[in-house]
Chemist: 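This is the structure I want to talk about, given as structure tokens.
Proteins come first, then strands; the chains are lettered A, B, ... in the order of their sequence lines, and each starts at number 1.
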2 protein chains.
Amino acid sequence: MNEIDTILIVDDEIQIRRLLEITLSANGFNVIHSMCGKDGLVDAATHNPSLIILDLGLPDIDGQEILKRLREWYTRPIIILSVRNSEEDIITALDNGANDYITKPFRSGELLARIRVAKRYSEINQNEPICEFGNLSVDMLNHVARKGDEILKLTSTEFALLSLFVKNSGRVLTHKFILRQVWGFGYVEQTQYLRVFVAQLRKKIEKNPSKPELLITESGIGYRFGE
Amino acid sequence: MNEIDTILIVDDEIQIRRLLEITLSANGFNVIHSMCGKDGLVDAATHNPSLIILDLGLPDIDGQEILKRLREWYTRPIIILSVRNSEEDIITALDNGANDYITKPFRSGELLARIRVAKRYSEINQNEPICEFGNLSVDMLNHVARKGDEILKLTSTEFALLSLFVKNSGRVLTHKFILRQVWGFGYVEQTQYLRVFVAQLRKKIEKNPSKPELLITESGIGYRFGE
DNA sequence: ATTTTCTTTTAAAGTTTCTGTAAAGTTATA
DNA sequence: TATAACTTTACAGAAACTTTAAAAGAAAAT
């Protein structure tokens, strides 16, 4: 618990940033600021913070868009802190991968408690923008997958599927879990999609697609990637 | 693939329970109700729901107390739904192990989205330990069993059986108990299944399957794993 | 000690469920 | 409109589960 946790704040209001800075640093966090969406994306990638607090009303790019782009590779907690109070915004943000949604004005004690909750449930998630496995590498940030030196030509669904497998290598992922992560919660029964895309992915990453060595079937449960 | 998620509602207000019932069952959940804290604790234990929605203002026991007692064993999501709006209540509940805190009156779309969030993160992070015995290890979280370094290729039934044995190593487990745990209540008389699967498991984990050293027969009673 | 009875092991056949694959149909995208 | 990506269908083959049956082993009775 001695390493300093870094929190990235993406918000254009200086007062909010100051208030957060005081609250968070008083609680042992190291704080980084970004004043717009673009900076936020860059700072997240360069500092790899252990948590991000994101405002939705940014001057350049919409916060929901930032959230989506972050979630392409960033697996640690993201807490939305916004004046927007519409149910639609909240649902969209949560389904886009936010861990929590707090409306301004906020209470700092509650914010800290919600940060603790978010960190509690994401401790396992290691977060590397580039994951490697064998001669495969997946660069979440630049959205590029390689086999050796050769760049794999993957569709976005295939890429999402491969990232999920690489991020969770060695773990058995259930059909439902994969479907929810890649396609969304409404698709958990569409096991057939998964079969089709697993077959396509195997064609592109396995030496011998009919005798898979990387993407292993766990019959009746799901799939496991790698060792 | 058609298994229904069960949600337990612990709330004394009938209107709230009705509203939740409608919202949740319309979204494919199976709903159980408890009207007081005592019933809540019992129902949680008997039904083992996949999520609990808990009110703080219960007639008998205080909700924070229920929360603490549930968290002694219940690892899946608990969402607090309460009229209490004080920061102290919120912080206490979140630190007592609640996954989220929603104040009444609530918006059902937001509630559903927050349920999705809670389920998303609890599935990954079931902090169940890795059980080991000799050179065997069973990793419940990743659903992987190993003998030394080699990954054992087990069917899901074999895996469930082995987990049960490893978790209860040294204890004599009766046929009925094992059948109930692995196959379910309706199978307690199917001793033959057990014999067949024990034989299969021995082939995969014993040095000499016909002279088992790990998975010992207790004639007329059941089996014992390890010493 | 031997026989009888009950229990367990094991193989193998029968049945069901799950998975891989190709190909056709549909939708999105440039 | 042409192209790529995604969705859906259909079916064969594989894997898992259930059932049967015979042989081996243990316990009880004589």
Side-chain angles (χ1 to χ4, degrees), chain A residues 143 145 151-165 172-184 186-225, chain B residues 1-3 143 145 151-163 165 172-176 178-179 181-184 186-225:
Chain A
H143 226 271
I151 290 180
L152 290 173
K153 189 160 163 29
L154 301 179
T155 72
S156 58
T157 308
E158 287 164 3
F159 187 83
L161 192 56
L162 179 60
S163 320
L164 186 69
F165 280 127
V172 175
L173 304 179
T174 63
H175 298 129
K176 280 192 177 184
F177 177 80
I178 301 169
L179 285 160
R180 187 162 64 241
Q181 295 292 316
V182 175
W183 279 268
Y187 292 75
V188 289
E189 307 296 332
Q190 304 296 323
T191 327
Q192 188 51 29
Y193 288 14
L194 190 48
R195 296 211 188 96
V196 172
F197 277 84
V198 162
Q200 283 173 3
L201 204 50
R202 277 175 175 158
K203 274 189 215 158
K204 297 184 181 180
I205 66 172
E206 296 277 0
K207 258 183 253 165
N208 179 359
S210 59
K211 288 216 169 29
E213 294 170 3
L214 280 166
L215 193 34
I216 311 297
T217 301
E218 297 283 349
S219 189
I221 310 170
Y223 295 89
R224 177 168 50 82
F225 184 84
Chain B
M1 187 86 17
N2 277 327
E3 87 191 33
H143 210 275
I151 291 179
L152 291 172
K153 190 157 165 29
L154 302 178
T155 71
S156 54
T157 308
E158 288 162 3
F159 186 85
L161 191 58
L162 179 60
S163 317
F165 280 127
V172 176
L173 306 178
T174 64
H175 296 131
K176 282 193 176 180
I178 301 169
L179 284 159
Q181 294 292 318
V182 176
W183 279 268
Y187 292 75
V188 288
E189 306 299 331
Q190 304 295 322
T191 325
Q192 189 50 26
Y193 288 13
L194 187 48
R195 301 218 172 94
V196 172
F197 277 83
V198 162
Q200 283 173 1
L201 203 50
R202 278 175 175 156
K203 273 192 219 158
K204 297 184 181 180
I205 66 172
E206 297 278 0
K207 258 183 252 165
N208 179 358
S210 58
K211 288 216 169 30
E213 295 169 3
L214 280 165
L215 194 33
I216 312 299
T217 302
E218 298 283 351
S219 189
I221 309 171
Y223 296 89
R224 177 169 50 81
F225 184 84

Chemist: Over how many whole Å does the gap from B:R202 atom CZ to D:dA24 atom P extend?
Modeler: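 In whole Å, D:dA24 P lies 17 Å from B:R202 CZ.
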
Chemist: For A:I216 and C:dT19, what is the distance between atoms CD1 and C1' respectively, to the nearest whole Å?
Modeler: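 Distance, rounded to whole Å: 14 Å.
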
Chemist: Do B:L162 and B:F225 come within less than 4.5 Å of each other through their side chains, counting heavy atoms only?
Modeler: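 Heavy-atom side-chain distance check passes, below 4.5 Å.
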
Chemist: Rounded to the nearest angstrom, tell me the gap between atom CD in A:E206 and atom P in C:dG20.
Modeler: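 To the nearest whole Å, that distance equals 11 Å.
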
Chemist: A:H175 side chain N/O closer than 4.0 Å to the phosphate oxygens (OP1, OP2) of C:dT19?
Modeler: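 The answer is yes; a side-chain N or O of A:H175 sits under 4.0 Å from OP1 or OP2.
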
Chemist: In this structure, how many angstroms lie between the P atom of D:dA26 and the CD atom of B:E218, rounded?
Modeler: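 After rounding, the reported distance stands at 13 Å.
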
Chemist: For C:dG20, does either OP1 or OP2 sit under 4.0 Å from a side-chain N or O belonging to A:T217?
Modeler: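 Yes, within the criterion.
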
Chemist: Is the ring pair A:Y223/A:F165 parallel, tilted or perpendicular, if the boundaries are 30 and 60 degrees?
Modeler: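 Answer is perpendicular, since the angle exceeds 60°.
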
Chemist: Name the closest nucleotide to the B:T157 side chain, picking from C:dT21, D:dC17, D:dA5.
Modeler: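 For B:T157, the side-chain atoms sit closest to D:dC17.
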
Chemist: To the side chain of A:S156, which of D:dT7, D:dC6, C:dT21 is closest?
Modeler: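 Closest nucleotide to the A:S156 side chain: D:dC6.
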
Chemist: Rounded off to whole Å, could you give me the NZ-to-C1' distance for the A:K203 and C:dA23 pair?
Modeler: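 Distance, rounded to whole Å: 11 Å.
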
Chemist: Counting just side-chain N and O atoms, does B:Y193 come under 4.0 Å of either OP1 or OP2 of D:dC17?
Modeler: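 Checking D:dC17 against B:Y193, no side-chain N or O comes under 4.0 Å of OP1 or OP2.
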
Chemist: Looking for any heavy atom pair under 4.0 Å, which part of the strands does B:K211 touch: base, sugar-phosphate only, or nothing?
Modeler: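 Nothing, no nucleic acid heavy atom in range.
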
Chemist: Using the six-membered ring wherever Trp is involved, compare the ring planes of B:H143 and B:F159 and label them parallel, tilted or perpendicular (cut-offs 30° and 60°).
Modeler: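 Ring orientation, 0 to 90° scale: parallel.
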
Chemist: Mind checking if A:V196 touches a base, just sugar-phosphate, or nothing, with heavy atoms under 4.0 Å?
Modeler: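 Since a base atom lies under 4.0 Å of A:V196, the category is base.
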
Chemist: Once you round it to whole Å, what is the distance between C1' of C:dT10 and CD of B:Q200?
Modeler: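 One finds 10 Å between C1' of C:dT10 and CD of B:Q200, rounded.
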
Chemist: Could you give the CD-to-P distance, from A:Q192 to C:dA22, as a whole number of Å?
Modeler: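 Rounding to the nearest Å, CD of A:Q192 and P of C:dA22 are 13 Å apart.
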
Chemist: Let's see if you can work this out: which of D:dT8, C:dT8, C:dT19 has an atom nearest to the side-chain heavy atoms of A:Q190?
Modeler: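 Selected nucleotide (nearest to the side chain): D:dT8.
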
Chemist: Nearest to the side chain of A:S219, heavy atoms from C-beta on, is which of D:dA10, D:dA15, C:dT10?
Modeler: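 Of D:dA10, D:dA15, C:dT10, D:dA15 is nearest to the side chain of A:S219.
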
Chemist: Tell me: CG of A:N208 to C1' of C:dT21, nearest whole Å?
Modeler: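 Nearest whole value for this atom pair: 14 Å.
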
Chemist: Give the intermediate values and the outcome of side-chain contact (heavy atoms from CB on, under 4.5 Å) for residues A:K176 and A:E189.
Modeler: CA-CA 7 Å; A:K176 280 192 177 184; A:E189 307 296 332; 4.1 Å; yes

Chemist: I'd like to know whether A:L215 forms a side-chain contact (heavy atoms from CB on, under 4.5 Å) with A:E206, so could you lay out the CA-CA distance, the side-chain angles of the two residues, the decisive distance to 0.1 Å, and finally the verdict.
Modeler: CA-CA 8 Å; A:L215 193 34; A:E206 296 277 0; 3.8 Å; yes

Chemist: A:T155 has a side chain; which of D:dA16, C:dA11, D:dA5 sits nearest to it?
Modeler: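 Out of D:dA16, C:dA11, D:dA5, the nucleotide with an atom closest to A:T155's side chain is D:dA5.
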
Chemist: On the nucleotide C:dT9, are OP1 or OP2 found under 4.0 Å from the side-chain N or O atoms that B:Y223 carries?
Modeler: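 Answer yes for this pair, as a side-chain N or O of B:Y223 is under 4.0 Å from OP1 or OP2.
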
Chemist: Below the 4.0 Å mark, does D:dC17 have OP1 or OP2 next to a side-chain nitrogen or oxygen of B:W183?
Modeler: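 No, outside the criterion.
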
Chemist: Identify which nucleotide among C:dT19, D:dT7, D:dA16 has an atom closest to any side-chain atom of A:R195, counting heavy atoms from C-beta outward.
Modeler: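 Nearest listed nucleotide: C:dT19.
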
Chemist: Which distance, rounded to the nearest 0.5 Å, do you find between the CD of A:Q181 and the CG of A:L164?
Modeler: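 If we round to the nearest 0.5 Å, A:Q181:CD and A:L164:CG are 6.0 Å apart.
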
